[in-house]
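Remarks on the structure that follows.
Position 1 is the first residue of the sequence, and the numbers go up from there.
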Amino acid sequence: MATTQPIDSLEDIERFFRTGQEWLKKRHEEGLPGGEYCQSRSALVDNVLRRLWKRAMTSPDEGDRRAGISLLATGGYGREELNPFSDIDLLFLHLPGRGKELEKGVQALLHPLWDWGLTVGYTVQTPREAWRKAQKDLETLLSFLDTRWVAGDKEPHLQMEEEFSRGLKRGRQREVLLRIQQEAARRHQKFGDSVFVLEPEVKEGKGGLRDYHSAYWAAKVQYRIRSPREMTERRLLSEREWGNFSQALGFLWRVRTQLHYFHGRREDRLSFEDQEAMARALGYRGADSLQVTESFLKEYFHQALQVHHLSWNLLEKCLNEGSPEPLGGRKKNLPEVAPGFFLFHGRLSLTDPSTFDRNPLQVWRAFETIHHYGMGMSAPLKEVLSQHLSLVNDRFRLAPESRRSFLSLFEKPGHLHRVLEEMYETGFLQVFLPEFGGVHCHIQYDRYHLYPVDVHSLYAVQELEILERKNPSPPWPLFQELMKEVRDPGLLKLAALIHDLGKGEGSSHALRGEKIAETIGERLGLSGERIDTLRFLTREHLTLPEMAQRRDLNDENLILRLAQMVGSSDRLKMLYLLSFADLRAVGPNAWTAWKDTLLRELFLKTLHLLEKGEGLRKEDQERIIGIQREVMDLLKGQLPAPKISEHLANIPRRHYQVHEARSIGRQILMAEKLAGQAVAVEGEERPEEGGDEITVVARDEVGLFAKICGALTANHLNILSAQISTWENGIAVDQFRVQSLIEEGLLQPRRWAKLQGDLKRVLEGNVEVNQLLQEVLPPLFHRYSPGRAGTRVEVDTETSDFYTLVEVFTPDRPGLLYRIAQKLFEMGLNLWMARISTKVDQVVDVFYVQDLSGAKIEDQEKIGMIREELVKLLETSEN
């Protein structure tokens, strides 16, 4: 029968769709919550599809062809979670025998959508075919779990649901649940197994929307729920949990919507370069770009944590329980592992949920049990604990049992990190140590610090705890041995937990943290001596890394001052271990072989001074004599003895402290080659130390160091450190540790010959460094995104008795060291040593300089000029 109802024209439908899109974009810009946006866009597409369906499936000749055919939304569209450029996944479901009628309408429905720029995927199947395919492919099964009727006859959809229900009742639920969990774990591994990654994936990453989807699918399979809200009705989530879940999901949906609009396409990665613009578009404000972006990321990570924790707890509940764990008491035949607590599917559970109402201090029994056995808390126990956080007040904190129990967790061997994780996830840690709440999800916005301050602190404790465990083949044998020697390892782990709490109060965080450490120590009832050590470790936790990377480790006065400041070998060991844990907890690339070498050298020299109780001068003199004898033996037969002695007499004392006999012998042979050439170069690949080594020997000249730096940069080498030495006979020996910016090995014949040739041409005056750099810097710059932190130059006249230290803090970019060295030369400064420290995209370069007469620079006007000129140079080169 021909239809009498009017059918909309394609022009009218498109106009309706375009108007709806513009309205939605405007509402988003006005602050429409993310969940409402997704539902509204899904409803808009529903309306458009129903109109197109009517056009496609109705004709004047054949009438209505819709009987026995359903149009279903699947995937994200089925869940009503459409963002601006989300895929629209459709399932044309038909009863047997109705396929031909459907073929005539599918293309008529889809072509307008494609013409309008929408990404539409579709499948045509019978209910039985849909189930067979779902049995073979998990992704298809999960997509079908989200099906939602949009148009047509509802009968095929009902039949498909029956097929699925029968199939899953045959004992397949657990298999599907395990596959959902395994797929989630695989996805986390792929996108960075942490909520706190530098460039989070809003959909697929840990704490992203897919975590929620996994939990929702599991609940559908296990409990046959049809809507998210049913999770509270079935007691899978409490009202409070669902409120937190909804708020966090709404935030992620809003971020994803903005990402799509920002890029004009589907994009789910919150890239480093886009984060500031995204933050401002989402309404975040602040005094500067850093503050704006950090505020946004702090909120992002807070909400992503909520999504991950709630999703994972729900997924485990579906896996481990045929029905939700009863809150009213312990199940039969499950023995208590501690009074008031029992194990349920490997998780600590609470026998009586009113326990904490009667005695809040009973919570310590739970933490002590976790510390002893290493299990996690069950979701209901976490919920009960979270609901009772208001009981953690000053009276609770100051109770002797609280002090004793909390400290015992650090002092006894066990599973401290697991306890701290449970305290953190439930919010207990933030209320028991209110100062810890001040750094909750506190972001340090750069490419170096991967984790918020609070999570970083937990990882630092874990690093120390790993050192305490027995390991027949320890990866860090020196640190493991030192951990055994420390008299108070519990206090050291407590220091690791609180060392960065000052960051919640702004700059100079180590000094601010010292006061916080004192407050916490007094509250916990520590002795005066332990509080003093806790203050010391917090105040000085940056000292060893900063000295090792920025100072001349062969300066005896530096070692003496450090030894006097530390005061004892035990304190030095604790500080060294804390430095190790702190750096290791920053991120996977923060602890390098080079930093390990520098820190160990500083530690051992200071330890020697503390334990021997005397200076190193006599011992150093004996060492120099020993090196000279060894060099004479090594070069015997290669050079005349008088020639070797002449070189050795011209080598300054400091050079012997930096180099071994074999290196000095090689340098003397290189110096001999200068009789017939301008420069001698040798290289050694050292991948195990995180970089290669290049030694350059040439006759000293004004600006030599800058020229060498320029030539190395022009050969795709990033300079990590530099040792500069000028012998009394005018021979310059400069040693560089470098990393290659291209894949070709340093010593590959073609590449090594080019480097040698470039150095020769530059030092002979046949080519200018700038000419070399013009050929290579533009393409290299594309590898470097602009840094977030600004440029700062500090001049230190106190640290060294003979040199002025110029410290440069600035974003890293190719050619940086050359530019700085060239500017120092232009300002009439002699450069004696450079310490280069790079933290991913930020450098801290320290230059030891004198004026051309060899005097230390102390004139304030000259110092001001140095600072001003360098800042001007560096800010100009950033743009």
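With sequence neighbours left out, Asp454 forms a salt bridge (charged side-chain N to carboxylate O under 4.0 Å, His left out) with no residue at all. Here Phe17 pairs with Trp116 under the ring-ring contact (aromatic ring centres under 6.0 Å, His included) rule; sequence neighbours left out. With sequence neighbours left out, Phe245 forms a ring-ring contact (aromatic ring centres under 6.0 Å, His included) with Tyr212. Here Glu241 pairs with nothing under the salt bridge (charged side-chain N to carboxylate O under 4.0 Å, His left out) rule; sequence neighbours left out. Legend: residues meeting salt bridge (charged side-chain N to carboxylate O under 4.0 Å, His left out) with Glu299, ordered by chain and number and at least two apart, are absent.
A donor-acceptor pair under 3.5 Å is absent between the side-chain atoms of Arg265 and the main chain of His260, judged by distance alone. Of the possible polar contacts, one joining the Arg41 side chain to the Pro84 backbone as a donor-acceptor pair under 3.5 Å is found. Between the side chain of Ser311 and the backbone N or O of His308, no donor-acceptor pair lies under 3.5 Å. Remark: the backbone N or O of Gly243 is not paired with any side-chain donor or acceptor of Ser246 at under 3.5 angstrom.
Residue pairs satisfying the salt bridge (Lys or Arg N to Asp or Glu O under 4.0 Å) criterion with at least one member in residues 28-37, sequence neighbours excluded, are listed as follows: Arg27-Glu30.
Asp89 pairs in a side-chain contact (heavy atoms from CB on, under 4.5 Å) with only one of the listed residues (Asp146, Val120, Thr74), which is Thr74. Under the salt bridge (charged side-chain N to carboxylate O under 4.0 Å, His left out) test applied with Arg269, the options Glu204, Glu201, Glu199 reduce to a single match, Glu199.
Side-chain contact check for Glu81 and His213: at least one donor-acceptor pair (N or O, by modelled atom type) lies under 3.5 Å.
Relative to the six-membered ring of Phe16, Arg51 meets both conditions, a distance below 6.0 Å and an angle of at most 45° to the axis.
A salt bridge between Arg792 and Glu807 is absent, with no side-chain N of the basic residue lying under 4.0 Å from a carboxylate O of the acidic one. Salt bridge absent: Lys25 and Glu22 never bring a charged side-chain N and a carboxylate O closer than 4.0 Å.
Ring planes of His541 and His509: tilted class, angle from 30 to 60°.
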